[in-house]
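As C-alpha cells, the structure follows; a few thoughts come after it.
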Number of protein chains: 6
Amino acid sequence: MIYATRKAHFNAAHRLHNPNKSEQWNVETYGKCNNHNWHGHNYVIEVTVAGMPDPETGYVIDLGLLKSIIKERILDPCDHKNLNLEVPFLKGMIPSTENLCIAFYNELKEPVGAAASPDSSLYSVKLYETERNFAEYCPERAH
Amino acid sequence: MIYATRKAHFNAAHRLHNPNKSEQWNVETYGKCNNHNWHGHNYVIEVTVAGMPDPETGYVIDLGLLKSIIKERILDPCDHKNLNLEVPFLKGMIPSTENLCIAFYNELKEPVGAAASPDSSLYSVKLYETERNFAEYCPERAH
Amino acid sequence: MIYATRKAHFNAAHRLHNPNKSEQWNVETYGKCNNHNWHGHNYVIEVTVAGMPDPETGYVIDLGLLKSIIKERILDPCDHKNLNLEVPFLKGMIPSTENLCIAFYNELKEPVGAAASPDSSLYSVKLYETERNFAEYCPERAH
Amino acid sequence: MIYATRKAHFNAAHRLHNPNKSEQWNVETYGKCNNHNWHGHNYVIEVTVAGMPDPETGYVIDLGLLKSIIKERILDPCDHKNLNLEVPFLKGMIPSTENLCIAFYNELKEPVGAAASPDSSLYSVKLYETERNFAEYCPERAH
Amino acid sequence: MIYATRKAHFNAAHRLHNPNKSEQWNVETYGKCNNHNWHGHNYVIEVTVAGMPDPETGYVIDLGLLKSIIKERILDPCDHKNLNLEVPFLKGMIPSTENLCIAFYNELKEPVGAAASPDSSLYSVKLYETERNFAEYCPERAH
Amino acid sequence: MIYATRKAHFNAAHRLHNPNKSEQWNVETYGKCNNHNWHGHNYVIEVTVAGMPDPETGYVIDLGLLKSIIKERILDPCDHKNLNLEVPFLKGMIPSTENLCIAFYNELKEPVGAAASPDSSLYSVKLYETERNFAEYCPERAH
C-alpha cells in the first residue's frame with residue numbers, strides 16, 4: 001500500500017456548543033471553547049489517498065488535482081468563515097476536531113475517489129486545530 | 001547586546017474592520033478578513049528583552065518570569081477571546097497584526113522592564129498571525 | 001475510527017547504560033549516549049486516543065482533560081529530571097526511546113481509559129527524543 | 001509493536017516524464033513538473049523499523065546504525081544528484097514521490113533487516129517532496 | 001518601526017558554477033553543489049516591509065497584495081524552473097543563496113514600495129536554501 | 001549587508017547553579033533548572049556571518065566550511081556532554097542560554113573570521129534551549 005498525502009490550511013472562527021444542552025452544561029463541558037463571542041484557529045488539514053501507483057503516471061493521485069479538490073470542497077467554504085454559522089455541510093454539527101474530520105472526509109470521499117488511480121481511494125483526513133491538538137478519521141482501519 | 005526571547009501562543013477570533021469607513025471601503029480593503037461573522041487564528045507571540053546578563057544569575061531576564069508576565073498581560077485577556085470585542089486594551093483599535101504588535105508591546109513595556117536585569121529592557125514584540133504572515137514592533141531600532 | 005492526539009513536551013537528562021553488562025559492552029553498544037556525566041533532550045510526546053466521538057460532546061476525549069493527565073502522570077515526574085535516577089516508574093529500565101514509550105503507555109493506560117468516551121481508549125504513545133529520532137508504541141496494531 | 005524512526009534529508013533535481021508517452025501527454029499529465037530543464041527539492045525521508053526492543057539494549061534498532069545505512073544506501077547516491085540520470089537503482093523509473101518510496105524501501109529492506117533486533121524489520125518509508133506533498137510505502141499494512 | 005513579513009516558497013533546480021573559472025576551481029570551490037546534472041531545493045522566501053501602519057487600514061502593507069507581488073515577480077519566473085538557465089533577471093549570476101537574495105530584493109524593491117503605506121518600503125529579503133542554510137539581504141542596516 | 005546563516009544542533013545535560021551563592025538562593029532563583037541530578041536539552045545553534053559576497057564565489061562564507069567550524073568548535077566538545085562539567089571553554093560559567101551564546105561567539109570569532117570573505121566576519125550566535133526559550137548575542141549591533 002502507498003499512502004499519498006496533500007496538506008493545506010485555512011483560518012476560521014468557531015465555538016463548541018451543544019444547543020440541546022443547558023448553558024451550564026456547555027460551560028462545564030467546553031470551558032473557554034464555549035465563548036459565545038467565538039474564537040478561532042489556523043487549521044491544518046492532511047488528506048491521504050491509499051492505493052498503488054498508476055504505472056503510466058507513477059501517481060496514486062495527481063497531488064495537484066487533490067489540491068484543487070481540497071480547495072473547492074474544504075478551503076473555499078471554510079477559509080475565513082465561521083464554522084458554526086456559514087458552512088452548509090457543517091450545519092447542526094458541533095465543530096469539534098473529531099466531528100470536522102468526519103465531515104471533511106465525507107465531503108471529500110466521492111470527488112477524491114473519482115480523481116484517484118483505479119485501485120486507490122480516500123484513506124484518511126487528519127486535522128490540526130492547533131499544533132498540539134489534532135484528530136484523524138480513518139474509517140477503513142480496524143485498529 | 002544579548003537578546004533573550006520567550007515564545008507563547010493563543011487562539012482568538014477577530015475581523016478587520018474600520019468603523020469610520022463605509023461597508024464598501026471595508027470589503028474592498030480587507031476582503032475576506034472583513035467577514036462580519038469573524039474568523040480566527042492560532043497566534044504565536046515572541047517577546048524579546050535586550051541587555052547584558054546579570055553576572056550573578058546569567059540572565060537578561062528570568063524567562064520563567066517573562067512567561068508569567070506574557071500569560072498575565074497577553075494570554076489571559078486574549079486566549080479564546082474575540083479581539084475586537086473582549087480585550088480592554090484593544091478597544092477601538094483595528095486588530096491588524098501590526099497594530100496588535102504595538103498594543104502588546106505597550107502592555108508589556110512596564111512589567112518586563114521591572115522584571116529584567118538592571119541594564120535590560122523590552123526590545124521587541126513579534127506576532128505571527130499565520131506561519132506566513134507576521135509582524136514585529138521594535139521602536140528603538142532606527143533601521 | 002477517530003484518533004485524537006495531544007502533544008506535550010518536557011526536558012530531561014538521561015544516559016543509556018545496561019548495568020548487567022560490562023563497561024566495554026556499554027561503550028561499544030551506546031557510544032556517546034553512554035556518557036557517565038549524562039546528556040539530555042527536549043522530549044516531545046504525542047498521546048493518541050482511539051474511538052468514536054461521544055454524540056453529546058463531539059469528543060473522543062476532552063483534550064483539556066488529556067492534557068491534565070499527561071501533566072500529572074508524565075510531565076510532573078519527568079520534566080527537568082534525570083530519567084535514570086529520579087522517576088519511580090522508570091526505575092531499573094534502560095531509558096531508550098522505545099522503552100520510554102512503553103513505560104509512558106502503561107502509565108497512561110488506566111487514567112486515559114477512565115477519561116475517554118465510552119467506546120474509546122488509549123491507542124498509542126509516540127516519543128520524539130530529537131526531531132530525527134522517535135518511536136511509537138501501539139500494542140493493538142498487528143501491522 | 002514498537003515503531004522506531006530515523007529522519008534524514010537530501011537535495012536533488014528531477015523531472016516527471018514518461019518516455020513511452022508523447023510530449024503532449026507528458027505536459028498535460030505533469031504540467032510544470034515535466035520541465036525539461038529540471039527542478040528540485042529538499043527531500044525528507046523517514047525510515048521506520050517495527051518490532052519489539054531487544055531486552056539487552058532497549059533498541060528495536062540502533063538508530064545510529066540506521067542513520068549510517070540511510071546515508072550509504074540513499075543519501076550518498078541521491079544527495080545533490082539528478083534522480084532521473086544519476087542514481088543506478090532509479091534507472092528507468094518515473095521519480096514520483098510514490099515510486100521513490102517504493103524504490104527506497106526495496107533498497108533498505110535487506111540491510112535494515114540485518115541490522116535490526118531479532119524480531120524486527122523494515123516497516124515503512126515515508127518521503128516528503130515538499131512540506132505539503134508526501135507519500136508513505138508500507139507493504140505489510142493491509143489498511 | 002514595524003516590520004511586516006510575508007513568507008512564500010518555490011521549488012527549483014540550480015548548480016553553483018563560475019564560468020570564468022576552470023573546472024578544477026569550480027569542483028574545489030563548490031564540491032557537490034557544482035554537479036553539472038543539477039540538484040535542487042524547496043526554497044523559502046521571507047519578504048519584509050518596514051514602516052509605520054497606515055492609520056486608516058492598520059497596515060504597513062496589505063499582505064495579500066504583497067503575496068501577489070511575490071507571486072508575480074519571484075514565484076512565477078522561478079517555481080519549477082532552472083535558476084541558471086530560465087530566469088531572465090538571474091542571467092549571468094552565480095545562484096548562491098546570497099546572490100539570489102540580492103537579485104530578489106532588487107526585483108521587489110519598486111513594486112513593493114509602490115504598494116506599501118506612505119512611510120513604508122522594502123526592508124529585507126531572507127531566503128532559505130534548506131532549513132539549515134539561509135541568507136538575508138538588508139541594505140539599509142549598517143550593522 | 002548580507003547575513004548568511006548555518007544552523008546546527010547538539011544534545012547536552014546542564015543545570016543552572018551559582019556556586020558562590022547559597023543552596024536557598026539557587027533554588028529560589030533557578031527552580032527546577034537547579035536540579036542537582038541535571039536535566040538536558042536539544043540545543044539548536046544558528047551562526048550568522050555578515051558582509052558582502054565574494055564576487056568570484058558568490059559566498060559571504062562557504063557554508064560547508066562554516067558547518068565544519070561549528071562541528072569542530074561547538075558540536076564536538078558539547079554534543080552528548082555535560083555543559084557544567086566537560087566543556088573546557090565553559091568552565092566556571094553559569095550555562096544560561098545567554099552565557100552560552102557569548103561563549104560560543106567568542107569560540108567562533110577567530111576561525112569564522114579567517115574563513116569568511118575579505119569584508120565579512122562573525123555577526124551573531126543564536127541559541128535555542130527549547131523551541132520557546134532562546135537568546136542571541138550580537139555585539140556589533142547597538143540596538
Checklist line | Closest non-hydrogen atom pair, A:Gly58 against D:Ser96 | finding: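 Nearest pair, atom of A:Gly58 first, then D:Ser96: O-OG, 2.6 Å.
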
Next item on the list: Specify the closest pair of heavy atoms between A:Met1 and D:Arg141, including all atoms of both residues, with the distance to one decimal.
Entry: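 Heavy-atom minimum between the residues: CG-O, 3.6 Å.
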
What part of [X] lies closer than 4.5 angstrom to a heavy atom of chain A: side chain, backbone, both or neither?
| X | answer |
| --- | --- |
| D:Thr97 | neither |
| D:Lys21 | side chain |
| D:Glu129 | neither |
| D:Leu16 | side chain |

Going by heavy atoms in the side chains, are [X] and [Y] under 4.5 Å from each other?
| X | Y | answer |
| --- | --- | --- |
| A:Ile2 | D:Glu136 | no |
| D:Ile94 | A:Tyr59 | no |
| A:Leu63 | D:Phe134 | no |

Hey, could you give me the [atom1]/[atom2] distance between [X] and [Y], rounded to the nearest 0.5 Å?
| X | Y | atom1 | atom2 | result |
| --- | --- | --- | --- | --- |
| D:Ile102 | A:Met52 | CD1 | CE | 4.5 Å |
| A:Ser120 | D:Glu98 | OG | CD | 8.5 Å |
| D:Asn18 | A:Glu56 | CG | CD | 7.0 Å |
| D:Arg132 | A:His9 | CZ | NE2 | 5.0 Å |
| A:Thr57 | D:Tyr30 | OG1 | OH | 5.5 Å |
| D:Tyr128 | A:Thr5 | OH | OG1 | 8.0 Å |

Item checked: Identified side chain to side chain contact (heavy atoms under 4.5 Å, CB included) partner of A:Tyr3 from the options D:Ser124, D:Cys101, D:Cys138 ->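 Result for side chain to side chain contact (heavy atoms under 4.5 Å, CB included) with A:Tyr3: D:Cys138.
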
Note to self: For A:Ile45, which atoms come within 4.5 Å of any heavy atom of chain D: side chain, backbone, both, or neither?
What the structure shows: neither

Item checked: Neighbour count >12 (heavy atoms, 6.0 Å) for atom NZ, A:Lys109 ->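 Yes, NZ of A:Lys109 has more than 12 neighbouring heavy atoms, counting only those of other groups under 6.0 Å.
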
